[in-house]
Amino acid sequence: MRQIVPKVVVVGAGMGGLASAIRLARAGCEVTLVEARDAPGGRMRALPSVAGPVDAGPTVLTLRSVFDDIFESCGQKLDHHLTLLPQPLLARHWWLDGSTLDLTTDLEANVEAVAAFAGAPEGERFRRFHELSARLYDAFDRPMMRAAKPDTRAIARAALKEPGIWPALLPGMTLDRLLRLCFRDPRLRQLFGRYATYVGGTPYASPGVLALIWAAEAQGVWAVEGGMHRLALALARLAEDQGVTIRYNAPVARILRQKGRASGVQLADGHSLHADHVVFNGDPAALLAGLLGDGPKDAVPEDRIHPRSLSAWVWSYAARAEGQPLVHHNVFFADDPRREFGPIAAGQMPEDATLYICAEDRAGGQVPDGPERFEIIMNGPPGRPARPEDFAQCRSRTFDRLRQFGLTFDPVPGEANLTPPAGFAKLFPGSQGSIYGLSPHGALASLKRPLARTALPGLWLAGGGAHPGAGVPMAALSGRHAAEAIVTDLASRSR
């Protein structure tokens, strides 16, 4: 008897879509991946510059093992396709009073650096914070981040074995409150509080458990030689090697529904692709908004999508930098965090912004002679419409502020180099400009993200808007969860 090969259409070539397509192809499915733009990557995009393509999306790569696993599942090695550069210096942190702090992958070096920065007692407090973060990470890694569905019982069992993590799990324990228990120096609270922004929140409303992000970074941060967008290109090539058909410049108009289940997609050009399963690697909010037709409108509950996480103003450009010894990852802190997050909560641009700078071409430890590539991120509110004054205001609050730190760029980038919240809303339909999906605010927010399986049979989710959440490795893990769920579903239906 001729075996029927299951057909899968994956919508979107972001990390989740690529990861799911690769695994489904390896499992014997006929996979077609359709992407609206002319290159893979989704939010991991790049813009042209005189120094080459410059990243305009994620810049930090942690949990390398997630990507090693994708290549190894195909019998290949990541290092044969891509060069990852370990970053022993995780980030350089700057304050306007002239103080700086470098953090590395070496615990004892960090303790000494914090002691020199803020005094010996704070050095020991940092050691205790490091231990707390590591325990939180261990408690949540397998039952939360790597599980297809959050296993609250396993998390509870881990917490019972590690009573030292209980303070971080108490109801109402925000990241800011936890850090006030951990540190006396407000600069250290500000530094580790910024981890809330990694998942689109503020330290004043995000749960204390986000302190585990430090442990993820302390395990290692890598840069991709040539830019993060090279990771997407390598995964796309791997997908094609496994037999995945990738169609670029192929936006989807509708997800088709027949006999109560997803049955394929209709492209914007009117052509239909029929499938047994559809993986949607886009913002789940687009489904609820009806942007993919009426068929999947009820596939995901609204409380799994709203309220929205933060957006950002993102500069991507090439220039010569002078005045400060930048490294690959740099953070220039606001004087008053309340003047950053207060306006954002009110839908406004920060009055006093913390500015993150990725000096893309310094990942190897060298300073280029000519123009080099930079990405600067300033947090912003979702849902903010474009306003005529935004460009001039953002340019001033970015580059005038950096001038106060003694850092200048030549040339200062123009409007074409800026992606505002409204730009992200246009690039990613349904998102309202939110970069990270569901807001992380509230103790149970991480448990509310939509899972791979939706309420519409045959429709699955992958990407940063689905469980386990925002971040490059998390989005890739979501693709794994979607693929494994589909394979399980196919096996059960074949019995």
Side-chain angles (χ1 to χ4, degrees), residues 11-12 14-16 36-37 41-47 55-59 194 196-202 205-206 251 280-292 300 302-316 340-351 353-356 375-395 397-398 413 415-441 445 449-450 461 463-466 469-472 474-475:
V11 180
M15 288 295 101
R37 289 189 281 280
R43 298 188 191 279
M44 190 179 286
R45 61 196 185 96
L47 297 177
D55 285 329
T59 61
R194 78 185 180 90
T197 68
Y198 277 31
V199 291
T202 77
S206 299
F280 181 63
N281 177 208
D283 197 309
L287 302 175
L288 186 68
L291 301 183
L292 280 301
V300 183
E302 184 170 1
D303 65 355
R304 303 275 172 159
I305 296 170
H306 296 112
R308 308 299 289 165
S309 63
L310 298 185
S311 186
W313 279 270
V314 177
W315 297 92
S316 302
E340 176 178 14
F341 294 115
I344 288 175
Q348 304 300 319
M349 188 180 296
E351 296 170 7
T354 291
L355 300 169
Y356 161 80
E375 181 177 347
I376 301 181
I377 300 176
M378 179 174 75
N379 294 313
R384 179 183 170 91
R387 302 180 185 182
E389 68 272 18
D390 273 1
F391 168 68
Q393 193 175 67
C394 184
R395 195 181 195 193
R397 294 187 185 183
T398 302
E415 193 164 2
N417 302 106
L418 177 65
T419 306
F424 284 107
K426 185 176 181 180
L427 284 167
F428 305 105
S431 69
Q432 296 180 284
S434 168
I435 298 175
Y436 312 91
L438 180 71
S439 168
H441 293 168
R449 285 186 175 271
L461 299 179
V472 176
M474 297 297 105

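For this chain, numbers begin at 1 and follow the sequence in order.
Closest approach of D390 to W313, counting heavy atoms only: OD2-CZ2, 4.0 Å. The nearest pair of heavy atoms linking C394 to W315 is SG-NE1, 3.6 Å. Between K426 and P429 the shortest heavy-atom distance is O-CD, 4.2 Å. In terms of heavy-atom proximity, H441 sits nearest to S206 at CD2-OG, 3.4 Å. Taking every heavy atom of both residues into account, S439 and A445 meet most closely at O-CB, 3.6 Å. Across every non-hydrogen atom of L461 and A466, the tightest pair is CB-CB, 4.1 Å.
Taken to the nearest 0.5 Å, the CD atom of Q348 stands 8.5 Å off from the CD atom of Q393. Distance check, rounded to the nearest 0.5 Å: CD of E415 to CZ of R395 gives 9.5 Å. For the atom pair S434 OG and I305 CD1, the distance stands at 11.0 Å (nearest 0.5 Å). Distance CZ/R194 to CG/N379: 10.0 Å, rounded to 0.5 Å.
In the model, Y356 has no side-chain atom that pairs as donor or acceptor with a side-chain atom of T197 under 3.5 Å. A side-chain donor from one of R45 and T419 sits under 3.5 Å from a side-chain acceptor of the other.
Looking only at side-chain heavy atoms (C-beta outward), P382 and S309 stay at 4.5 Å or farther from each other. No side-chain heavy atom of M378 sits under 4.5 Å from any side-chain heavy atom of L418. Taking 4.5 Å as the limit, some side-chain heavy atom of I344 sits within range of a side-chain heavy atom of L310. Taking the side chain as every heavy atom from C-beta outward, Q432 and H306 approach each other to under 4.5 Å. Between L47 and N417, every side-chain heavy-atom pair lies at or beyond the 4.5 Å cut-off. Here the side chains of L438 and R304 are not in contact, with every heavy-atom distance at 4.5 Å or above. R397 places none of its side-chain heavy atoms less than 4.5 Å from the side chain of P350.
Of the possible donor and acceptor atoms, one in the side chain of S316 sits under 3.5 Å from a partner among the backbone N and O of D55. Judged by distance alone, with hydrogens and angles left aside, the side-chain atoms of R37 form a donor-acceptor pair with the main-chain N or O of L427 at under 3.5 Å. The backbone N or O of G464 sits less than 3.5 Å from a side-chain atom of R449, completing a donor-acceptor pair. Of the possible donor and acceptor atoms, none in the side chain of D283 sits under 3.5 Å from a partner among the backbone N and O of G430. R384 places a side-chain N or O within donor-acceptor distance of the main-chain N or O of G347, the cut-off being under 3.5 Å.
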